[in-house]
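A quick write-up on the structure given underneath.
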2 protein chains.
Amino acid sequence: MTDPTDALRGPVEVVGAGLLGTSIGLALRRAGIETVLRDVSEEHLRTASGLGAGRVAAAGDVPSLVVVAVPPDHLADTVVDALRRTPGVVTDVGSIKSAPGRRVAAEAPDLEHRYVGGHPMAGSERSGPLAASAALFDGRPWAVTPHETSDAAAVAAVEELARVCGAVPVLMEPDEHDRAVARTSHLPHLLAVLVAGRLAHAPESHLALSGQGVRDVTRVAAGDPALWQQIVTLNAEALHGLLAEVREELDVLQRAVTTGDRTVLGDLLARGVEGTRAIPGKHGGPATVTRSVFVSVPDHPGELARLFADAGESGVNIEDVHIDHDPGRPVGLVELVVSEDRAEHLLSSLESRDWVTHR
Amino acid sequence: MTDPTDALRGPVEVVGAGLLGTSIGLALRRAGIETVLRDVSEEHLRTASGLGAGRVAAAGDVPSLVVVAVPPDHLADTVVDALRRTPGVVTDVGSIKSAPGRRVAAEAPDLEHRYVGGHPMAGSERSGPLAASAALFDGRPWAVTPHETSDAAAVAAVEELARVCGAVPVLMEPDEHDRAVARTSHLPHLLAVLVAGRLAHAPESHLALSGQGVRDVTRVAAGDPALWQQIVTLNAEALHGLLAEVREELDVLQRAVTTGDRTVLGDLLARGVEGTRAIPGKHGGPATVTRSVFVSVPDHPGELARLFADAGESGVNIEDVHIDHDPGRPVGLVELVVSEDRAEHLLSSLESRDWVTHR
């Protein structure tokens with residue numbers, strides 16, 4: 001019924017022209033695949049098609065593949081509707097896979113073999129078509145989550161979609177996916193929210209001592225509550241066990257703090273260190289050992305350029321950059337993160353060009 | 001007994017030649033103030049003095065000011081010893097102020113008027129004298145925490161020390177300081193540890209879906225357990241109430257997730273958003289509204305330099321930079337964080353120079 005090589009012949013229909021849908025449209029167009037767009041919002045449609053993410057879907061279109069990119073609450077209904085409207089493969093890009101998949105199975109048991117869930121692990125703090133980018137998925141994992149009755153050809157088609165968008169397909173069962181994101185995304189989000197909650201209405205004198213640590217821990221807590229409400233309730237099952245573990249460990253922690261039990265605290269803290277080391281390198285590769293090189297940089301627009309030009313001359317690839325400066329002060333501190341075995345070379349290279357480095 | 005204008009005439013004695021002590025030595029030497037160093041580790045002493053942080057203390061030295069920069073557990077004893085050994089002002093740079101202060105008062109009630117606590121809010125993931133920098137404190141808040149019997153002249157001397165090191169002195173009572181850092185540093189650290197703990201021994205398939213969010217939330221959890229054990233137990237009192245609040249809110253959260261109560265979840269999530277907005281701009285200034293500009297950059301050393309040169313030409317000051325690239329792929333995504341009202345100008349300026357931007 002579905003031909004794997006045919007699913008991407010086009011047109012591919014993208015339902016929902018937000019950040020993810022528009023980015024998929026842009027990536028498909030980049031690959032020369034005809035793309036048609038649907039959205040309840042006329043404005044999103046106009047913007048997305050204006051950006052080059054595809055044309056607005058017309059009555060006679062028969063899509064070879066439908067990608068559903070709507071909020072979690074509307075996911076199952078929109079997938080079922082697409083299965084009924086069109087003859088090809090249907091996939092989606094929602095953050096939760098199990099509960100919507102069960103609803104699709106219940107409502108369209110004769111069609112669900114053409115449905116395969118998907119979830120690209122790409123940024124979500126920005127939203128709407130204007131934040132979209134053809135490069136959003138480049139090098140990112142894209143979970144592909146077939147259920148028991150999914151056609152093998154449909155699975156292959158969704159893996160191919162991920163690859164065409166520049167991502168790396170990662171096959172997983174829907175339940176396993178939901179447990180994975182509960183651990184690596186939803187739980188971190190909820191605990192960041194609890195930390196951030198302690199800052200709302202905090203005394204100004206407390207907030208004045210905020211450093212980079214609390215900024216990093218709480219950054220994700222700025223995410224859209226309406227979206228996270230949906231994500232969290234739809235993934236309640238997977239979150240339940242993790243929240244119970246945290247609750248139990250929080251009790252242990254609280255007791256250890258109160259009684260000053262350093263052995264217990266040391267164990268908890270050491271396990272945290274171990275956890276940070278378990279996170280693989282970006283894009284799933286092995287973690288590279290990096291070292292930070294600190295450089296004082298006068299706070300003029302041209303100085304950063306001069307620094308990067310000089311760093312470029314050294315031939316050392318810069319993995320990451322952090323700038324710490326106060327707009328009111330003349331000198332900022334720039335942290336260049338480089339592979340550990342290149343740090344000394346970069347330092348001496350910059351020093352020979354009269355940069356003030358801090359080892 | 002203590003002359004405020006005299007406390008920084010030197011020599012200033014720094015006890016503990018780790019990251020903070022050596023950085024203070026470097027900053028004092030930068031200001032032309034004679035500095036002498038003490039440390040139980042001969043190697044740290046040699047390294048710190050070799051870096052130019054001061055000379056090794058000799059028997060006949062009479063310091064005008066002593067700065068104690070030793071681990072929290074040894075703080076009180078070292079401060080008391082310094083008060084007994086020397087005639088001038090004694091301060092410290094420990095993360096907790098109340099408990100050590102009480103011990104100083106109990107053990108040296110006749111001398112404690114010459115002691116004033118301090119705490120520069122400066123980076124601590126690196127450690128040891130080799131990580132030190134004269135610029136470490138530039139523009140950072142430096143809490144100065146006099147107790148009831150501190151001499152006004154001693155307080156003025158410690159504020160002057162902070163300023164000489166490039167920091168901004170922030171006067172606070174010791175208890176208030178401890179409550180502030182419990183909220184903005186110790187609690188975030190402990191909850192990051194609980195999140196990271198869920199990653200240790202997690203299935204590889206779960207870890208494969210790690211995105212930037214979980215990396216940011218857990219970064220601080222990589223900190224030294226031996227140090228954090230001390231910090232957490234010494235600040236148990238201030239942490240107690242916050243942990244109880246989190247525990248209570250976690251119960252509410254858990255119930256809301258289980259029952260699917262979106263109103264309660266929405267309130268919690270919204271409060272988290274509010275908390276992230278309460279954090280002031282870096283260095284205590286008002287938070288600036290920023291916007292991120294995303295640019296695709298080929299992964300060669302010279303390309304970042306070209307980007308910053310072109311960004312520099314636009315005259316827009318860059319507040320922060322994030323690079324997201326996989327060393328194995330040809331193109332990375334660079335995020336330039338700029339003041340919101342300058343973002344459009346930067347975008348069109350970069351686009352006119354043929355950069356691929358993503359709005």
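Sequence lines set the chain letters: A, B, ... in the order given, protein chains first and strands last, and positions in each chain run from 1.
- B/Arg262 and A/Thr233 form a side-chain donor-acceptor contact under 3.5 Å, judged by distance and modelled atom types alone.
- Taking chain A as the reference chain and counting heavy-atom pairs below 4.5 Å, the highest number among B/Ser205, B/Ala143, B/Gly260 is found for B/Ser205.
- Between chain B and the options A/Val337, A/Val356, A/Asp73, the largest number of non-hydrogen pairs under 4.5 Å is found for A/Asp73.
- Counting heavy-atom pairs closer than 4.5 Å to chain B, the top-ranked of the candidates A/Asp310, A/Leu253, A/Val170 is A/Leu253.
- With contacts defined as side-chain heavy-atom distances shorter than 4.5 Å, the pair A/Thr218/B/Pro188 does not qualify.
- Comparing B/Val195, B/Asp261, B/Leu209, B/Val257 by heavy-atom pairs within less than 4.5 Å of chain A, the highest count is held by B/Leu209.
- Contact of A/Ala182 with chain B is not made at all, since no heavy-atom distance falls under 4.5 Å.
- Between chain B and the residues A/Ala244, A/Ala196, A/Ala270, A/Gly213, the most heavy-atom pairs under 4.5 angstrom are made by A/Ala196.
- Note that CG of B/Leu194 and CG of A/Leu242 are 12.0 Å apart. Values are rounded to the nearest 0.5 Å.
- Here the CG atom belonging to A/Leu269 is positioned 7.0 Å from the CG atom belonging to B/Leu190, to the nearest 0.5 angstrom.
- In this structure the side chain of A/Arg183 reaches within 4.5 angstrom of the side chain of B/Pro203, judged on heavy atoms.
- Looking only at side-chain heavy atoms (C-beta outward), B/Asp216 and A/Val220 stay at 4.5 Å or farther from each other.
- The one candidate from A/Leu268, A/Asp267, A/Leu265, A/Val264 that meets the side-chain contact (heavy atoms from CB on, under 4.5 Å) condition with B/Gln229 is A/Leu265.
- Annotation for A/Glu245: atom CD counts as buried by contact number, over 12 foreign heavy atoms lying within 6.0 Å.
- The minimum heavy-atom distance between A/Pro141 and B/Ala208, with the atom names listed, is CG-O, 3.6 Å.
- Looking only at heavy-atom pairs under 4.5 Å with chain A, the residue among B/Ser23, B/Gly272, B/Ala180 that has the most is B/Ala180.
- Contacts between B/Glu237 and chain A at a heavy-atom distance below 4.5 Å are absent for every atom of the residue.
- In plain terms, the two heavy atoms of A/Gly266 and B/Pro225 that are nearest each other are O-CB, 4.4 Å.
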Q: List the steps and the verdict of side-chain contact (heavy atoms from CB on, under 4.5 Å) for A/Val181 and B/His206.
A: CA-CA 7 Å; A/Val181 290; B/His206 290 198; over 6 Å; no

Q: Could you please spell out the steps behind the side-chain contact (heavy atoms from CB on, under 4.5 Å) verdict for B/Arg271 and A/Val193?
A: CA-CA 8 Å; B/Arg271 195 163 167 211; A/Val193 165; over 6 Å; no

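- Contacts of A/His119 with chain B are absent, with no heavy-atom separation under 4.5 Å from either backbone or side chain.
- There is no side-chain donor-acceptor pair under 3.5 Å between B/His240 and A/Gln254.
- Atom CG of B/Leu243 sits about 12.5 Å away from atom CZ of A/Arg255, to the nearest 0.5 Å.
- The nearest pair of heavy atoms linking A/Pro280 to B/Ser210 is CD-OG, 4.1 Å.
- The side-chain heavy atoms of A/Asp251 and B/Arg247, taken from C-beta on, include a pair separated by under 4.5 Å.
- In terms of heavy-atom proximity, A/Gly223 sits nearest to B/Val273 at O-CG2, 3.6 Å.
- Neither the backbone nor the side chain of B/Ser185 comes within contact range of chain A, judged by heavy atoms closer than 4.5 Å.
- Expressed to the nearest 0.5 Å, how far CD of A/Gln212 lies from CE of B/Met121 amounts to 12.5 Å.
- For the pair A/Leu250/B/Leu191, a side-chain contact is recorded, criterion being any heavy-atom separation below 4.5 Å from C-beta on.
- In this structure, chain B has heavy atoms under 4.5 Å from both the backbone and the side chain of A/Glu176.
- For chain A, no part of B/Ala226 is nearby; none of its heavy atoms comes within less than 4.5 Å.
- Side chains of A/Glu274 and B/Leu199 form no contact here, defined as non-hydrogen atoms less than 4.5 Å apart.
- Of the residues considered (A/Ala256, A/Ala221, A/Ala236), A/Ala221 shows the highest number of contacts with chain B, using heavy-atom pairs under 4.5 Å.
- For chain B, the option among A/His177, A/His201, A/His189 with the highest count of heavy-atom pairs below 4.5 Å is A/His201.
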(Q) Apply side-chain contact (heavy atoms from CB on, under 4.5 Å) to residues A/Arg219 and B/Thr276 and explain how you reach the verdict. (A) CA-CA 7 Å; A/Arg219 185 182 59 81; B/Thr276 62; over 6 Å; no

